[in-house]
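Here's the structure we're looking at; comments come further down.
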Amino acid sequence: MTRAARAAVGTAGVPRTSPEQVLEHAPDGLAVIDADARFVDANPAAVALCGVDPDRLVGVRSPFPVPDDDAPATRPGELTVAWERLPGQRCEFAYVVAPVPGQRRWIVSFRDVTLSRLRERRLAAIAKAASNVASKRSLVGTLEALAQEVARTDALAGAQVLTVNSSGDRLHVMGVAGFGREVPFFEGLMECRALGARLMMLEALESRQPLVAPNRYEAVMQDPTWRPLHEVMRHPRWDWFVSVPLLARGEPVGILNAFFAPGQVVGDTELEFLLAMAEQAAMAVDHAALMERERDVARREERQKLARDLHDSVVQQVFSMMMQARSLGVLVARGLPPGPEKVAQVADDLSTSAEDVLADLRGMVVELRPAATTAAGLASALRSLVDTTAARTGLEVSLEIDDPGAEMTALDADLLEDVYRVVAEALHNSVKHAGPAAIRARLAVVSHGRRRRLVAEVTDDGCGMGSASTPAAGDGSASSGFGMTVMRERAARWGGSVRVRRPATGGTSVRLTLPLPTSLSVQPASGAEGAP
């Protein structure tokens with residue numbers, strides 16, 4: 001055997017593998033980059049991973065940043081970098097880098113970790129969503145965060161979470177990512193539906209099965225029935241569409257819509273992730289419903305307390321009135337008619353007790369008033385509340401309602417109920433604690449950027465917060481007590497807030513602010529097949 005032949009085999013007689021063969025068949029990417037982070041050379045695996053033309057490799061910008069001059073010669077552990085191989089095809093590389101001795105070049109060894117990192121992010125997103133559901137956040141806040149998490153985790157173009165209202169006939173947008181909540185979007189959606197556009201979310205809701213639509217963007221943009229929304233839905237660019245129903249105890253309670261970016265394909269793993277997030281969203285909706293049932297129990301207990309208060313105050317006063325009147329009858333029966341002074345005293349006591357009883361009864365009747373189920377019912381109930389409060393207290397109480405577009409007529413009955421209860425509690429607190437001469441209530445629909453909000457405010461000219469007769473407000477922006485806690489819970493249910501402040505002019509102002517939910521009727525429109 002010649003010397004060259006002996007050099008080509010190992011000690012065990014196995015042919016040696018040349019460095020060129022190692023580079024050619026290495027499963028990981030190996031590349032050399034220059035000081036501008038451009039490719040100088042790369043093995044076939046690196047070319048395939050980065051999606052570059054092997055004939056035009058030299059001088060093409062690489063995914064890997066050049067190490068800083070003050071960085072150590074070798075970096076311990078792997079680094080990660082994102083790379084868009086093709087438009088919409090985002091991947092992630094884990095890499096290590098080492099300098100070429102004596103040159104301003106670096107050798108990079110890297111591998112594709114896109115799927116493993118995506119699995120990690122999905123698991124983290126599911127865990128975060130579960131944590132949000134278990135926390136005491138509002139339903140709107142939870143579903144908004146969930147929509148953002150879905151879109152961010154899989155780099156989607158957009159996501160929406162919608163819930164079914166208590167009567168089961170409308171969908172409300174509770175969480176959005178990528179797309180706005182602008183009212184024109186849903187006005188346009190209703191126009192599309194009237195033209196016969198296919199609303200896939202309603203199909204998913206009815207079938208209780210997820211629906212996947214490949215190339216949905218092109219279908220929507222080429223369909224004349226979607227013309228009213230072509231401009232709105234053109235950006236951000238998306239392609240595949242998935243609608244997953246939210247099921248709680250086997251019943252549909254909402255919809256999760258996912259808009260995939262161009263280049264993304266919906267496979268089993270993508271659908272499994274959406275199903276897991278939809279399950280978390282359904283748990284949030286079910287949890288909110290459970291909390292509402294618990295609040296109903298609390299309200300019943302509150303009414304029982306009113307009944308006990310009625311017995312302890314009104315009944316006792318009426319009993320006292322009865323005994324005073326009976327004492328006069330006993331005197332007359334014994335032939336001892338009372339003198340004018342005694343009759344005047346008893347009459348005065350009876351009149352005072354009757355006034356107290358009447359005031360207590362009126363206050364209790366107002367608190368026990370049936371729920372307002374429509375916008376007209378809310379306005380009527382609030383006017384009655386204001387009139388009754390003015391009549392029984394002698395205070396100047398006014399009400400202003402500003403809803404020129406009649407937007408409150410489309411609001412959920414439960415939302416209107418909570419608005420009424422918050423205003424009633426605020427009025428009650430003003431009368432009981434502030435000692436005012438006048439109280440002003442206002443209900444209005446106002447703009448806040450692109451969103452519309454419902455604002456209810458009760459302002460009095462009384463002694464204000466922090467006085468001897470009112471609970472301390474702490475930081476000046478909040479109040480304490482069971483009534484205030486209930487008010488804030490009602491507001492949080494709809495993603496709103498209750499603020500208590502003391503105006504510079506004196507008195508106290510309680511302000512309820514609720515974001516108006518955009519909604520979609522579940523009932524099919526005439527001539528419509530049944531969205532993205």
Side-chain angles (χ1 to χ4, degrees), residues 122-123 125-135 137-154 156 158-179 181 186 189 199-213 216 240-260 266 268-293 412 414-415 492-495 515 517-524 530-532:
R122 285 172 175 170
L123 289 173
I126 294 170
K128 186 174 180 179
S131 175
N132 287 340
V133 171
S135 69
R137 298 177 57 186
S138 71
L139 178 61
V140 172
T142 298
L143 297 184
E144 183 77 14
L146 189 142
Q148 298 285 343
E149 204 66 38
V150 169
R152 180 169 48 251
T153 300
D154 273 12
L156 303 184
Q160 297 171 333
V161 181
L162 303 92
T163 61
V164 180
N165 66 350
S166 57
S167 58
D169 61 354
R170 296 189 72 83
L171 285 168
H172 294 293
V173 179
M174 303 291 275
V176 174
F179 297 101
R181 295 173 174 266
F186 280 89
L189 190 61
L199 306 186
M200 293 185 63
M201 70 171 77
L202 301 187
E203 296 178 17
L205 190 70
E206 183 178 357
S207 67
R208 305 184 186 186
Q209 296 293 328
L211 292 181
V212 180
R216 182 63 174 160
W240 286 45
F241 171 77
V242 180
S243 190
V244 181
L246 313 184
L247 301 178
R249 307 174 195 273
E251 294 299 321
V253 295
I255 286 290
L256 169 61
N257 292 330
F259 300 81
F260 284 76
V266 179
D268 291 341
T269 57
E270 288 77 16
L271 192 55
E272 286 173 3
F273 171 63
L274 293 178
L275 288 169
M277 295 299 280
E279 183 178 358
Q280 296 301 324
M283 289 175 61
V285 176
D286 191 47
H287 177 71
L290 178 61
M291 294 298 294
E292 178 57 25
R293 288 193 291 271
D412 192 286
D414 291 341
L415 184 148
R493 178 187 178 193
W494 306 101
T518 47
S519 65
L520 168 66
S521 172
V522 173
Q523 304 301 324

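Contact of the Glu203 side chain with the Gln209 side chain is not registered, since no non-hydrogen atoms from C-beta on lie closer than 4.5 Å. Two residues are said to be in side-chain contact when any heavy atoms from C-beta on lie closer than 4.5 Å; Pro210 and Leu275 meet this criterion. Proximity of Val150 to Leu156: side-chain heavy atoms (C-beta onward) are separated by under 4.5 Å at one or more points. For the pair Gln160 and Val173, the minimum side-chain heavy-atom distance is 4.5 Å or more. Contact annotation: the side chain of Phe241 never approaches that of Leu211 to less than 4.5 Å [non-hydrogen atoms, C-beta and beyond]. Contact annotation: the side chain of Glu270 approaches that of Phe260 to within less than 4.5 Å [non-hydrogen atoms, C-beta and beyond].
Nearest heavy atom pair, residue Ala159 against residue Ala147, reads CB-O, 3.7 Å. What you find for Ile255 and Met201 is that their closest heavy atoms are CD1-O, 3.5 Å. Leu162 and Leu246 make their closest contact through O-CD1, 4.0 Å (heavy atoms, listed as atom of the first residue, atom of the second, distance). Scanning both residues, Arg208 and Pro245, for their nearest heavy atoms gives C-CG, 3.5 Å. Residue Gly495 comes nearest to Pro515 through the heavy atom pair O-CD, 3.5 Å, listed as atom of the first residue, atom of the second, then distance. Taking all atoms of both residues into account, the shortest heavy-atom contact from Met174 to Leu139 is CE-CD2, 3.8 Å.
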Next on the checklist: For Thr269 and Arg122: C-alpha separation, side-chain torsions, deciding distance, then whether side-chain contact (heavy atoms from CB on, under 4.5 Å) applies.
Outcome noted: CA-CA 10 Å; Thr269 57; Arg122 285 172 175 170; 3.5 Å; yes
Next on the checklist: Applying side-chain contact (heavy atoms from CB on, under 4.5 Å) to Val253 and Val164, what does each step give before you reach the verdict?
Outcome noted: CA-CA 5 Å; Val253 295; Val164 180; 5.5 Å; no
Next on the checklist: For Leu271 and Val242: C-alpha separation, side-chain torsions, deciding distance, then whether side-chain contact (heavy atoms from CB on, under 4.5 Å) applies.
Outcome noted: CA-CA 8 Å; Leu271 192 55; Val242 180; 4.0 Å; yes
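In this structure, the side-chain hydrogen bond (donor to acceptor under 3.5 Å, both in side chains) partners of Asn165, at least two apart in sequence or on a different chain, are Ser167, Asp169.
Distance check, rounded to the nearest 0.5 Å: CG of Leu247 to CG of Leu205 gives 9.0 Å.
With Leu274 as reference, Val244 is the one residue of Val244, Val266, Val212, Asp154 to meet the side-chain contact (heavy atoms from CB on, under 4.5 Å) rule.
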